[in-house]
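Side chains are part of it too, since the values below use all heavy atoms of this structure and drop only hydrogens, waters and symmetry mates. Just so it is clear: chains get the letters A, B, ... in the order the sequence lines come, proteins before strands, and each one is counted from 1.
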Amino acid sequence: MKYDFAAIEPKWQKRWEDGKVFAAADHSDKPKFYGLIEFPYPSGQGLHVGHPRPYTAMDIVTRKKRMDGYNVLFPMGFDAFGLPTENYAIKNHVHPAVVTKDNIAHFTSQLKMLGFGFDWDRVVDTTDPKYYKWTQWIFLQLFKKGLAYKATMPVNWCTSCKCVLANEEVVEGVCERCGAPVIRKEKSQWMLKITEYAQRLIDDLDGLDFIERVKTQQKNWIGRSTGAEVVFKATTGDDITVFTTRPDTLFGATYMVLSPEHELVKKWLPALKNADEVQAYQRAAASKSDLERTELNKEKTGVCLDGVKGVNPVTGREIPIFISDYVLSTYGTGAIMAVPAHDDRDWEFAKKFGCEIIEVVSGGEDVQKAAFTAKDETGILVNSDFLNGLTVKDAIPAITNWLEEKGIGAAKVNYKLRDWVFSRQRYWGEPIPMVWCGKCGWQPLPEDQLPLLLPEVESYEPTDDGESPLSKMTGWVSTVCPCCGGPAKRETDTMPQWAGSSWYFLRYMDPHNDNALASKEMLDYWSPVDWYNGGMEHTTLHLLYSRFWHKFLYDIGVVPTEEPYRKRTSHGMILGEGGEKMSKSRGNVVNPDDVVNAYGADTLRLYIMFIGDFEKAATWSDNAVKGCKRFLDRVWNLSEGCNDSLAHTPANEASIHKTIKKVSDDIEAMKFNTAIAAMMALVNDFYANGCSKGDLRTLLLLLNPFAPHMCEELWEAMGFAAAEGKMACQSAWPAYDESKTAASAVDMAVQVQGKLKGTIHVPVDSEEAVVVDAAKAVDKVAKALEGMEIAKVIHVKNKLVNLIVKPAK
RNA sequence: GCGGGUAUGAUGGAAUUGGUAGACAUGCGAGAUUUAGGUUCUCGUGCUUCACCGCGUUGGGGUUCGAGUCCCCAUACCCGCACCA
């Protein structure tokens with residue numbers, strides 16, 4: 001009989017689904033295992049071959065875990081709010097909810113076709129009101145704890161999407177999604193205080209089993225730096241607080257720089273002699289896009305404020321104050337003390353504007369020629385009164401203490417991480433459940449009014465003035481104040497796409513609960529996620545956001561663990577033939593449907609796992625797919641050629657035990673490519689040595705997580721299903737016997753002077769004398785030994801023997 | 001600029017603690033089966049003057065009996081961050 005994947009695969013998919021084989025049990029004596037992959041955005045294009053890479057990997061892991069005897073939760077869902085759906089709806093005049101429904105149906109059928117062992121009873125859809133009710137609920141809790149607030153601030157504004165973006169969504173000055181320039185715009189926005197969690201988000205990484213680059217990337221993004229805040233007086237009497245990581249260089253501060261947006265500049269403006277020039281600079285800075293700001297960062301610009309000076313608090317000297325866009329309004333205090341002798345940027349600015357450069361740390365080259373920035377023990381303080389003679393390391397705490405005693409400064413930690421801009425001026429998102437009352441201010445919607453449903457609108461187009469399409473729905477916008485009952489208005493912005501994905505893994509634990517986001521019992525049982533695989537591109541977005549929300553939920557007693565995910569791994573991208581990113585415009589997108597039709601889902605799964613190192617990018621190759629099909633054909637054909645014995649064929653015994661060990665270890669380490677290679681090698685052995693029913697049985701168990709349809713079919717055909725049930729249901733991952741993984745005899749390398757001369761076949765663990773005798777019998781060795789005597793023997797058991805020789809006397 | 005990573009046949013990629021480099025697969029070559037194509041099976045396949053010798057893991061040095069693996073220098077490519085004081 002031929003391997004008819006087109007008949008086999010739908011047959012088993014139906015049986016698995018009808019039998020609810022992959023349903024997770026809410027109560028079980030087995031240990032639990034929660035495996036998670038990032039749920040997809042259901043785009044109109046459907047799945048492409050990049051999607052199944054992480055899904056197949058986690059499917060393999062969870063199928064093996066089931067066979068190891070775990071109660072497994074392996075769920076799937078859809079992150080369905082988002083711009084592409086909304087844009088499609090605008091263009092084609094369909095409701096986004098309709099588009100979403102169709103796309104989800106399409107994705108679902110594609111996923112089922114690939115045979116993933118998802119628990120389909122637990123599917124979540126972030127656009128389902130029963131789901132986003134709880135997304136809104138979490139927002140209300142954040143608001144009640146003071147972690148959600150509305151603020152007017154310069155935000156990233158995408159000129160094409162007509163929408164604000166989070167810092168994390170701006171890549172190289174352009175919109176991550178559409179590539180249009182991003183500019184700064186003053187807008188009133190809902191913000192989430194993720195900065196309040198900055199330190200915990202760093203500290204708690206230590207206890208987690210995350211791949212190292214995820215940890216470093218998150219730490220760098222949060223960007224902790226320690227230093228001090230120092231208060232300078234201005235000649236106007238105002239205080240100017242600056243942040244510095246080098247308070248030790250205070251004596252060398254010869255000027256100050258404020259960001260163009262700094263409040264004091266506004267206050268001083270009428271009194272400045274060059275007010276026009278200052279205003280012109282402010283306008284220029286405001287109109288620059290982020291891209292322009294970064295591109296122009298080679299050349300420093302700025303304007304000196306004419307009419308006000310700062311006073312260095314330790315030297316008492318009056319120093320000039322500049323505004324410049326190299327000082328960011330959103331970091332620290334938006335103002336710096338400039339120490340050109342010991343900071344590259346200040347040095348560059350000072351050279352251009354002719355500011356004084358005073359050395360206060362000796363040990364470097366001439367500070368008139370370059371800044372000396374070393375922060376280690378090489379520098380000794382000079383020109384610094386009571387700090388003179390101290391190292392930089394000692395001077396920092398000394399001056400910080402001094403400042404604290406005088407009340408003009410204090411130690412301070414700053415983070416690069418900014419609060420999360422949480423409003424979007426778009427339709428297709430969760431409505432923010434807040435009400436504005438002229439008398440009472442912002443009021444949270446009472447929880448019993450959740451979910452606050454998205455109203456029907458006539459147009460989903462964003463407005464040019466930057467307001468959400470919801471703002472036009474006057475009937476919906478007008479409401480009553482939950483506090484005083486007077487007339488009030490609803491918030492018309494919606495939440496960003498990251499909202500729904502920040503807690504979806506919790507919903508899987510108890511997806512149909514109407515009284516809570518999930519019951520305490522289920523949260524206690526399933527938390528935390530044991531293994532979460534996802535893309536590196538989410539490291540500073542989804543992964544960070546969801547850790548933040550989870551910590552908040554922990555703090556208010558909703559979830560039982562401080563961290564949501566115990567282990568995090570990451571997969572590489574699948575590139576098109578030619579090594580380029582798959583994209584519609586390049587025309588190199590591979591559709592999984594086509595591969596399934598031509599070769600079957602098992603072949604596709606196997607190939608995607610065999611393609612290369614799971615963590616690295618891999619290039620698609622149509623040819624290489626055929627090799628995996630060939631392998632499955634060979635396994636299939638074994639079933640017709642094997643003998644009836646249930647015992648292992650003696651010649652295969654060692655290979656079988658070695659392969660069990662290899663496949664078991666490799667799945668845990670996500671080295672799927674070598675696990676498959678080992679099984680291929682085993683099949684080659686079976687062809688060479690003959691194969692018994694028992695040999696094939698073990699192979700099927702090992703191969704089942706990778707190619708489950710074919711394995712189920714053979715399992716049944718060979719009569720194992722009658723006694724043991726479906727492969728997917730039984731927990732009998734094969735065990736191996738370490739002592740049997742070694743053959744009774746081994747090939748050892750023979751070297752003379754470290755050069756390979758040949759190999760010998762000797763019993764395992766042979767003594768040195770035996771090995772040397774056997775080595776001497778090798779022709780090439782005998783030749784090399786002519787006229788020589790052995791000076792030294794290096795013997796590595798079962799590996800090699802190396803004879804060191806010298807001329808015989 | 002700073003931080004992290006990678007470099008192995010024609011190709012994708014393997015190589016516990018330093019111990020037979022190139023597993024496994026693709027491609028290619030030869031043969032068998034087949035009316036033929038495809039499939040399947042067998043054998044071969046790092047380079048080299050193809051027997052010997054020699055040379056081989058980006059390049060150059062070093063440590064070692066022995067280096068893809070460890071150390072130093074250089075080159076190329078990739079990723080992250082990028083005026084964060």
Side-chain angles (χ1 to χ4, degrees), chain A residues 2 171-173 212-214 216-221 223-225 227 242-247 249 253 257 259 293-294 296-300 324-328 330-339 342-346 348-349 373 414-418 536-537 539-540 572 579 606-607 610-613 615-631 633-634 637 665 671 673-684 687 746-760 780 791-805:
Chain A
K2 207 171 159 279
V171 178
E172 285 169 11
E212 219 37 53
R213 41 193 187 125
V214 168
T216 37
Q217 220 167 294
Q218 287 208 343
K219 276 182 201 161
N220 290 343
W221 184 262
R224 177 193 156 99
S225 56
V242 302
F243 173 70
T244 176
T245 56
R246 294 293 302 276
T249 61
V257 188
S259 68
R293 280 203 182 193
T294 42
L296 295 172
N297 73 10
K298 289 157 209 144
E299 184 79 356
K300 297 266 181 295
S324 171
D325 63 6
Y326 87 91
V327 173
L328 307 175
T330 45
Y331 183 76
T333 60
I336 63 159
M337 66 177 207
V339 186
H342 304 291
D343 182 280
D344 289 324
R345 294 151 306 183
D346 296 345
E348 200 190 315
F349 188 89
T373 57
N414 260 324
Y415 302 90
K416 286 187 209 173
L417 186 71
R418 312 290 153 82
M536 279 307 288
E537 70 274 20
T539 302
T540 53
L606 204 63
Y607 173 62
F610 187 58
I611 193 167
D613 188 330
E615 287 193 13
K616 292 191 191 131
T619 305
W620 182 267
S621 157
D622 279 329
N623 262 331
V625 180
K626 291 178 195 155
C628 291
K629 173 65 166 49
R630 228 168 262 167
F631 168 65
D633 281 333
R634 276 162 70 78
N637 292 336
D665 293 349
K671 290 163 79 174
N673 53 338
T674 49
I676 294 166
M679 288 187 279
M680 287 174 168
L682 185 65
V683 168
N684 291 344
Y687 270 87
V746 288
D747 286 319
M748 287 179 64
V750 180
Q751 299 177 334
V752 176
Q753 309 291 68
K755 293 279 184 193
L756 185 70
K757 293 295 173 189
T759 58
I760 51 173
K780 278 195 194 175
K792 192 178 171 189
V793 175
I794 289 152
H795 177 224
V796 183
K797 241 182 196 177
N798 301 328
K799 291 272 183 186
L800 64 65
V801 59
N802 186 8
L803 306 176
I804 310 305
V805 298

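A gap of 16 Å separates the C1' atoms of B/rU69 and B/rU58, to the nearest Å. When the C1' atom is compared between B/rC79 and B/rG66, the two are found 36 Å apart, to the nearest whole Å. Rounded to whole Å, the separation between the C1' atoms of B/rA32 and B/rU48 comes to 32 Å. The P atoms of B/rC43 and B/rA23 are separated by 15 Å, rounded to the nearest whole Å. The separation of B/rG4 from B/rC71, taken at their P atoms, amounts to 14 Å, rounded to a whole angstrom. Comparing the same atom, P, in B/rG31 and in B/rG68 gives a spacing of 38 Å after rounding to whole Å. Spacing between B/rA30 and B/rA21 at atom P, rounded to whole Å, works out to 31 Å. For the C1' atoms, the distance from B/rA25 to B/rU17 is 29 Å, rounded to whole Å.
Around the NZ atom of A/K755, the shell of radius 6.0 Å holds no more than 12 heavy atoms that belong to other residues, nucleotides or ligands.
A syn base is found at B/rG9: its glycosidic angle is within 90° of 0. Glycosidic conformation, B/rC28: anti, with the torsion outside 90° of 0.
Across all strands shown, A/G627 has heavy atoms under 4.0 Å from sugar-phosphate atoms exclusively, and none from any base. Across all strands shown, A/I794 has heavy atoms under 4.0 Å from base atoms, whether or not it also approaches the sugar-phosphate. Using a 4.0 Å heavy-atom cutoff across all strands shown, A/N684 reaches sugar-phosphate atoms only and no base atom. Backbone-only engagement by A/T244 is indicated by non-hydrogen atom pairs under 4.0 Å involving sugar-phosphate atoms exclusively. Residue contacts for A/D747: at a heavy-atom cut-off of 4.0 Å it reaches a base atom on one of the strands shown. Residue A/E212 is out of contact with every strand shown, counting any heavy-atom pair closer than 4.0 Å. Within 4.0 Å (heavy atoms only), A/L800 reaches at least one base atom of the nucleic acid. Here A/S225 lies in heavy-atom contact (under 4.0 Å) with sugar-phosphate atoms only. Residue A/T759 is classed as a base contact, given a heavy-atom separation below 4.0 Å to a base. Residue contacts shown for A/K780 are limited to sugar-phosphate atoms, with no base heavy atom under 4.0 Å away. Using a 4.0 Å heavy-atom criterion, one finds that A/N802 contacts the bases of the nucleic acid, with or without backbone contacts as well. Contacts of A/F610 with the nucleic acid, taken as non-hydrogen atoms under 4.0 Å apart, include base atoms. Within the nucleic acid shown, A/R224 has no heavy atom closer than 4.0 Å to any nucleic acid atom. In this structure, A/K671 reaches the sugar-phosphate backbone alone: every heavy-atom distance under 4.0 Å involves primed, P, OP1 or OP2 atoms, never a base.
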Does the side chain to side chain contact (heavy atoms under 4.5 Å, CB included) test come out yes or no for A/Y326 and A/E348, once each step is laid out?
CA-CA 11 Å; A/Y326 87 91; A/E348 200 190 315; over 6 Å; no
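Note: CG (A/L682) to P (B/rA25) measures 12 Å, nearest angstrom. One atom, NZ of A/K626, and another, P of B/rU26, lie 10 Å apart when rounded to the nearest Å. Rounding to whole angstrom units, NZ of residue A/K219 and P of B/rC2 are separated by 22 Å. Note: CZ (A/R630) to P (B/rA25) measures 10 Å, nearest angstrom. Put simply, CD on A/E348 is 17 Å from P on B/rA85, counting in whole angstrom units. Here B/rG38 presents its P atom at 17 Å from CG of A/D633, a figure rounded to the nearest Å. Atom CE in A/M680 sits roughly 13 Å away from atom C1' in B/rA14 (whole-Å rounding). Atom P of nucleotide B/rC81 and atom CD of A/Q218 are separated by 13 Å, given to the nearest angstrom.
Under the Watson-Crick and G-U wobble criteria, each requiring two contacts below 3.5 Å, nucleotide B/rC43 is paired to B/rG29. The partner of B/rG59, taking Watson-Crick or G-U wobble pairs whose two distances both stay under 3.5 Å, is B/rC73. In a base pair of the Watson-Crick type (N1 to N3 plus N6-O4 or O6-N4) or a G-U wobble (N1-O2 and O6-N3), with each distance short of 3.5 Å, B/rG3 is matched with B/rC79. Using Watson-Crick or G-U wobble geometry with both donor-acceptor distances under 3.5 Å, B/rU35 finds no partner in any strand shown. B/rA67: no Watson-Crick or G-U partner with both key distances under 3.5 Å is found in any strand. In this structure, B/rU20 makes no Watson-Crick or G-U wobble pair, since no nucleotide meets both defining distances under 3.5 angstrom.
The shortest heavy-atom contact between A/I676 and A/L606 is CD1-O, 3.6 Å. The two residues A/L756 and A/A749 come nearest to each other via the heavy atoms CD1-CB, 3.8 Å. For the pair A/M337 and A/R246, the tightest heavy-atom approach, listed with the atom from each and the gap, is CE-O, 3.7 Å.
Here the nucleotide nearest the side chain of A/W221, chosen from B/rC65, B/rA82, B/rC41, is B/rA82. With B/rA23, B/rG80, B/rC83 as the choices, the nucleotide that has an atom nearest any side-chain atom of A/A677 turns out to be B/rA23. For A/T674, counting side-chain heavy atoms from C-beta on, the closest listed nucleotide (B/rC41, B/rA15, B/rG13) is B/rA15. Each of B/rC83, B/rC55, B/rG13 was ranked by its minimum atom distance to the side chain of A/K755; first place goes to B/rC55. With B/rA85, B/rU20, B/rC24 as the choices, the nucleotide that has an atom nearest any side-chain atom of A/L756 turns out to be B/rU20. Listed nucleotides B/rC83, B/rG13, B/rU26 differ in distance to A/N623; the shortest reach to its side chain belongs to B/rU26.
For the pair A/K300 and A/F349, the cation-pi test (distance below 6.0 Å, angle within 45°) is failed.
Look at A/R213 and you won't find any side-chain N or O under 4.0 angstrom from OP1 or OP2 of B/rG3. Considering only side-chain N and O atoms, A/Y331 lies under 4.0 angstrom from the phosphate OP1 or OP2 of B/rA85.
The 5' end of RNA chain B is approached more closely, in terms of each residue's nearest nucleotide, by A/R634 than by the other of A/K757 and A/R634. Nearest-nucleotide mapping onto RNA chain B: of A/G754 and A/M337, the residue sitting toward the 5' end is A/G754.
Using a 4.5 Å heavy-atom threshold, the side chains of A/T759 and A/M748 count as separate. Within the 4.5 Å cutoff, the side chain of A/Y331 has heavy atoms near those of the A/R418 side chain.
Between A/N802 atom CG and A/H795 atom NE2 the span is 11.5 Å, to the nearest 0.5 Å.
Counting only distance, with no hydrogens or angles, the side chain of A/Y607 and the backbone of A/K629 share no donor-acceptor pair below 3.5 Å.
For A/K416 and B/rC81, a side-chain-to-base donor-acceptor distance below 3.5 Å is absent, hydrogens and geometry of angles not being considered.
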